[in-house]
S.K.: 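Let me begin by handing over the structure; questions about it come next.
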Amino acid sequence: MSRITSVLIANRGEIAARVMRTARRMGLGTVAVYSDADANALHVASADQAVHIGPAPARESYLIGAKIIEAAKATGANAIHPGYGFLSENAGFADAVAAAGLIFIGPPASAIRAMGGKSEAKALMETAGVPLVPGYHGEDQDDALLAGEAARIGFPVLIKASAGGGGKGMKVANSADEFPAALASAKREAKASFGDDRVLIEKYLARPRHVEIQVFADSHGNCVYLFERDCSIQRRHQKVVEEAPAPGMDPAVRARMGQAAVAAAKAIGYVGAGTVEFLLDTDGSFYFMEMNTRLQVEHPVTEKITGQDLVEWQLLVAAGGPLPLTQEQLTINGHAIEVRLYAEDPAKGFLPQTGTLAHLRFPEQGDHVRVDTGVRTGDAISIFYDPMIAKLIVWDKDRPSAVRRLEKALAETEVAGLNANVPFLSAVASHPGFLSADLDTRFIERYEADLLPASVAPSAEVLALFSLGLTLSRRSGGNDPWDAVGGLLLNLPAVDSIEWREPGEEGASHKVDVTWARAGFTVTAIGRTLPVSGRLATDGTLSASLDGRKVTARWVRWGDHVTLFHAGGTHNLTLVDPHAGAHADHGGHGRLTAPMPGKVIALLVEEGATVTKGQPVIVLEAMKMEHTLKAPSDGTVTHLRFQVGEQVSEGVELVGFEAG
Ligand code: ADP
């Protein structure tokens, strides 16, 4: 048995911080690695030692195995934990770590290789007798052959990148007509994300649930399953909500699935933590999808229901120790739910967002609430990495209680400075379909109208709070004007007119008058006049008296935007400066601009082309995803400003466009 003394975490963000917590608790040394973008990151601050490994782009830092191994040697770390993503499923890296005389905290390279390609893994599982979704996972990648296979399987079909992960390179084709475009797009995304454009085709199941089994094996031939997680609530085939156990799971199905997963792990000589993913059909039949040979993002829900620390298990097993528990000793206790907080705009197809976290506040942690994060107020969500801000994990004795905990935890979560999916997650948590566990992978699609409610116009009270915050923030230190001495107040106009605009290109605007009189402020909004007063603390806490009622809210300004957290809700408004000219235009008025920095990967029209509103014009790749930009109205594309392969920055005009 080899002793681990110090662990280097070859990752960043919440997973790096999370692995360090366990390592430290076990008395091990911790080493962080970081890119230029992460010099001040939380994972760096919380490690015993930290080593700079290169520029911000992952392929120049977090993906360079040699630099990471060098960092381990330089700091005396004798084990490397890869986290998830990056090099976690890279067999070459696992080999290199072992060759350097270090311990790789993960499975043997041979097991990673066996499950590396979805196609190869399927072939292997077929031989091991694990059920598969009907499909094609052959070597021959001829377009016509693939089209023929799709027709044989029957539409709709799902095209997947063979080397895929994270929902990338995955496209649905509903008909033979749609197939060629879907195939081309899947191949492009696969090539860009994985450097490998091979695909496989599967029957697209109508209402499957995504249920996965956590397995754990040691190097002494023991292998157990730590039950299942239901990860059916997804957008873009990526998980956003995960829970354990799967609601309504039949114990017999659980046992069969668990045994199939253990069989899969044993078939490839697995050691360590792994996840076998299945699609569970409405009739209780289940099909193998893939095995992830690493720790999963959603592992905390399994930890909560089993009372085990999976990173601790990983460290024990990597050191050659036996599994801490047998199958019979493992039991399910209560119910756990995780939600992923992302910097993204659900209203714009969950488009990832970048920016600075002007304000970040999480619920208090304890037995019922856990928050895993790698960022703090002031940190940036950049284009270089995954836009996840944090994971919120709740636990209680049963599912209804856990759901209530989730709603409360989300109401206490505050993110400002960029668009985050907190209101969306709250809408999921309180949706009747979620409460009744009516789960399948199209949940979000099905309930989209409920989950993305049209923005509600702010009430007079909310406008008054926005305006009071602004008025107070403009005064010295944001203090209550009644405490301030006369000179300052006398310089203020008796009436301050403020104009606020609701989010979105055509957001309505609201004029608010704030009047100062000896007796106090009054705010006039939407035809109502309310007496207000209050105090704005430096952390944004707004303690106000509004129309005679005491109100506490949080008021955060970022640039021209203000976010107000009030009564469990988040409100966003933009300040309209009456002196500024036309506002930055993001394509709302007949222009086609880049919504975020990215690379042009396809031009779908030619110069001079006549297009109709909504017609796809250009495909941009940003944050490892494709974004198809569409014509803002009927018109003509007068010129193409960029060529395929060129980088574009946010807000630039991509094509010359004439409406009409
Ligand atoms: P990735 O490795 O990119 O995450 P997976 O193969 O794990 O891709 O699939 C991701 C998700 O896509 C699944 O959780 C499920 O929602 C959906 N999916 C995958 N295969 C099918 C299928 N054959 N039919 C319906 N949905 C599917």
Side-chain angles (χ1 to χ4, degrees), residues 84-85 88-90 112 115-126 130-137 149-150 152-174 182 185-187 189-194 196-214 228-243 246 257 261 264 274-283 285-298 338 340 350 386 388 439-446 624-626:
Y84 52 72
S88 61
E89 293 182 284
N90 184 313
I112 301 179
M115 289 295 175
K118 285 188 204 283
S119 302
E120 295 81 352
K122 288 199 172 189
L124 200 83
M125 289 301 105
E126 204 162 30
V130 182
L132 304 182
V133 192
Y136 172 79
H137 45 85
E149 286 297 324
R152 177 186 61 80
I153 296 161
F155 291 98
V157 298
L158 185 62
I159 308 168
K160 288 185 186 180
S162 190
K168 283 161 202 147
M170 202 183 281
K171 300 285 157 186
V172 179
N174 289 302
S185 171
K187 283 191 164 181
E189 228 175 88
K191 184 86 193 165
S193 297
F194 314 108
D196 177 349
D197 70 357
R198 285 173 307 139
V199 297
L200 60 96
I201 304 173
E202 281 177 5
K203 172 102 198 134
Y204 191 48
L205 302 182
R207 289 196 66 166
R209 284 165 72 180
H210 174 119
V211 178
E212 58 185 35
I213 301 280
Q214 175 71 55
E228 77 282 359
R229 294 181 285 258
D230 190 317
C231 315
S232 298
I233 304 217
Q234 307 179 340
R235 47 114 183 77
R236 271 200 247 101
H237 305 301
Q238 291 175 332
K239 304 158 185 168
V240 259
V241 182
E242 300 108 340
E243 51 186 303
M257 224 185 227
T275 294
V276 184
E277 297 188 331
F278 296 98
L279 286 175
L280 175 62
D281 216 343
T282 34
D283 63 359
S285 41
F286 56 85
Y287 308 100
F288 171 84
M289 247 191 312
E290 64 167 346
M291 179 168 184
N292 291 321
T293 53
R294 53 167 166 82
L295 193 68
Q296 301 269 94
V297 175
E298 58 274 22
E338 172 182 284
R340 301 188 190 188
F350 300 94
D386 186 86
M388 191 161 77
L439 306 178
D440 66 79
T441 57
R442 299 200 193 162
F443 180 92
I444 289 178
E445 231 174 288
R446 182 161 63 250
K624 296 259 174 70
M625 274 183 32
E626 285 195 4

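Atoms within each ligand, like the ligands themselves, are counted from 1 in listed order. Just so it is clear, the values below take in all heavy atoms, side chains as well, and ignore hydrogens, waters and symmetry mates.
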S.K.: How far is atom 16 (O) of ligand 1 from its nearest protein heavy atom, and which residue and atom is that?
M.R.: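 In this structure, atom 16 (O) of ligand 1 has Gln234 OE1, 2.4 Å as its nearest protein heavy atom.
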S.K.: By side chain to side chain contact (heavy atoms under 4.5 Å, CB included), which residues pair with Met289, not counting sequence neighbours?
M.R.: Lys160, His210, Glu277, Leu279
S.K.: Can a donor-acceptor pair be found between the side chains of Thr293 and Glu89 at a distance below 3.5 Å?
M.R.: yes
S.K.: Could you tell me which atoms of ligand 1, counted from 1 in the order shown, lie closer than 4.0 angstrom to a heavy atom of Lys203?
M.R.: 22 (C), 23 (N), 24 (N)
S.K.: Short N/O distance, under 3.5 Å, between Leu205 and ligand 1?
M.R.: yes
S.K.: Mark yes or no for whether Asn292, through its side chain, and Arg294, through its backbone, hold a donor-acceptor pair below 3.5 Å.
M.R.: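 Not at all, since once roles are kept as given, no pair shorter than 3.5 Å links the two residues.
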S.K.: So, Gln214 side chain and Gly274 main chain: donor-acceptor pair closer than 3.5 Å or not?
M.R.: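 Here the side-chain-to-backbone pair exists.
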S.K.: Any atoms of ligand 1 less than 4.0 Å from a non-hydrogen atom of Thr441? List them with their elements.
M.R.: 15 (C), 16 (O)
S.K.: Polar contacts were defined as any N/O atom of the residue lying under 3.5 Å from an N/O atom of the ligand; does this apply to Tyr204 and ligand 1?
M.R.: no
S.K.: Tell me which one of Lys118, Arg209, Lys168 gets a heavy atom nearest to atom 1 (P) of ligand 1.
M.R.: Lys118
S.K.: Can you pull out the closest protein heavy atom to atom 3 (O) of ligand 1? Residue, atom name and distance to 0.1 Å, please.
M.R.: Gly167 N, 2.6 Å
S.K.: Run down the list Glu212, His237, Lys160, Gln238 and name the one with the heavy atom closest to atom 12 (O) of ligand 1.
M.R.: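 Heavy atom nearest to atom 12 (O) of ligand 1 belongs to His237.
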S.K.: Have a look at Arg236, Lys239, His210 and point out the one with the heavy atom closest to atom 13 (C) of ligand 1.
M.R.: His210
S.K.: Identify, with sequence neighbours excluded, every residue that meets side-chain hydrogen bond (donor to acceptor under 3.5 Å, both in side chains) alongside Ser119.
M.R.: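 Ser119 satisfies side-chain hydrogen bond (donor to acceptor under 3.5 Å, both in side chains) with Ser162 once adjacent residues are dropped.
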S.K.: Do Leu279 and ligand 1 have an N or O pair less than 3.5 Å apart?
M.R.: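 It does not: no N or O of Leu279 is found under 3.5 Å from an N or O of ligand 1.
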S.K.: Could you list the atoms of ligand 1 found under 4.0 angstrom from a heavy atom of Leu158?
M.R.: 18 (N), 19 (C), 20 (N), 21 (C), 22 (C), 27 (C)
S.K.: Mind running side-chain contact (heavy atoms from CB on, under 4.5 Å) on Phe155 and Asn174 for me, showing each step along the way?
M.R.: CA-CA 6 Å; Phe155 291 98; Asn174 289 302; 5.9 Å; no
S.K.: Any Lys/Arg nitrogen of Arg229 or Glu338 sitting under 4.0 Å from an Asp/Glu carboxylate oxygen of the other?
M.R.: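 Glu338 and Arg229: not salt-bridged.
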